[in-house]
Amino acid sequence: MKIAVVGKGGSGKTTTSAVLARTFARHGHETLALDCDTNPNLGISLGLGEEATERLVTVRDAVDAGEEDHAVSPDDLVERFGAPAPDGVRLAVVSAIQNPEPGCP
Ligand SMILES: Nc1ncnc2c1ncn2[C@@H]1O[C@H](COP(=O)(O)OP(=O)(O)OP(=O)(O)O)[C@@H](O)[C@H]1O
Ligand SMILES: [Mg+2]
């Protein structure tokens, strides 16, 4: 199951996403939370902590700046852009896909 949380600024997207992710994970579902917001602070709401969240954001920014390669597979994406968060959630801070191509993770 894939769930996307969207809405206008300040409407509760990040809070809702974090509660959903932690609730699914607590119920035993393998849960991957993807933060593709321009202001990526889902890690804070998930309880990952400021330092680890900032580290993931830095890696994503390096990809956006062309200083780091894109992920070559979904597993690579989760490994390189992700970190384990409380309750068993895995968070990855990623870019929005501008021009998706077949096979794009
Ligand atoms: N259900 C709720 N009831 C009351 N306050 C809430 C609720 N959900 C979120 N908030 C509060 O509203 C504010 C904005 O929430 P949040 O950061 O989740 O929104 P957002 O849509 O992700 O914002 P942004 O567009 O800036 O990313 C926060 O202070 C949050 O604590
Ligand atoms: Mg937000």
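Only a predicted model underlies this, so the values are computations on that prediction, with no experimental measurement involved. Order of appearance sets the numbers: ligands from 1, and atoms from 1 within every ligand.
With hydrogens and angles disregarded, a donor-acceptor distance shorter than 3.5 Å links the side chain of Ser11 to the backbone of Lys8.
Val59 and Leu32 end up in the same hydrophobic cluster when Ile, Leu, Val, Met, Phe, Trp and Tyr side chains are linked at under 4.5 Å. A continuous path of hydrophobic side-chain contacts links Met1 to Leu20 [ILVMFWY only; heavy atoms under 4.5 Å]. Leu42 and Val57 fall within the same hydrophobic cluster, where Ile, Leu, Val, Met, Phe, Trp and Tyr residues are linked whenever their side-chain heavy atoms come under 4.5 Å apart, directly or through other members.
Among protein atoms, those of element N, O or S found less than 2.8 Å away from the Mg ion (ligand 2) are Thr14 OG1.
Interatomic distance, CG of Leu34 versus CG of Leu77, reported as 7.0 Å (0.5 Å rounding).
Near ligand 1, Lys8, Gly9, Gly10, Ser11, Gly12, Lys13, Thr14, Thr15, Asp37 each place a heavy atom less than 4.0 angstrom from the ligand.
Using a 4.0 Å cut-off between a side-chain N of Lys or Arg and a carboxylate O of Asp or Glu, Arg80 and Glu68 qualify as a salt bridge.
Exactly one residue among Leu91, Leu56, Val93, Val63 makes a side chain to side chain contact (heavy atoms under 4.5 Å, CB included) with Phe81. That residue is Val63. Across Asp87, Thr31, Val89, a single residue satisfies side chain to side chain contact (heavy atoms under 4.5 Å, CB included) together with Phe24, and that is Thr31.
Put simply, the side chain of Thr14 does not reach to within 4.5 Å of the side chain of Ser17, judged on heavy atoms.
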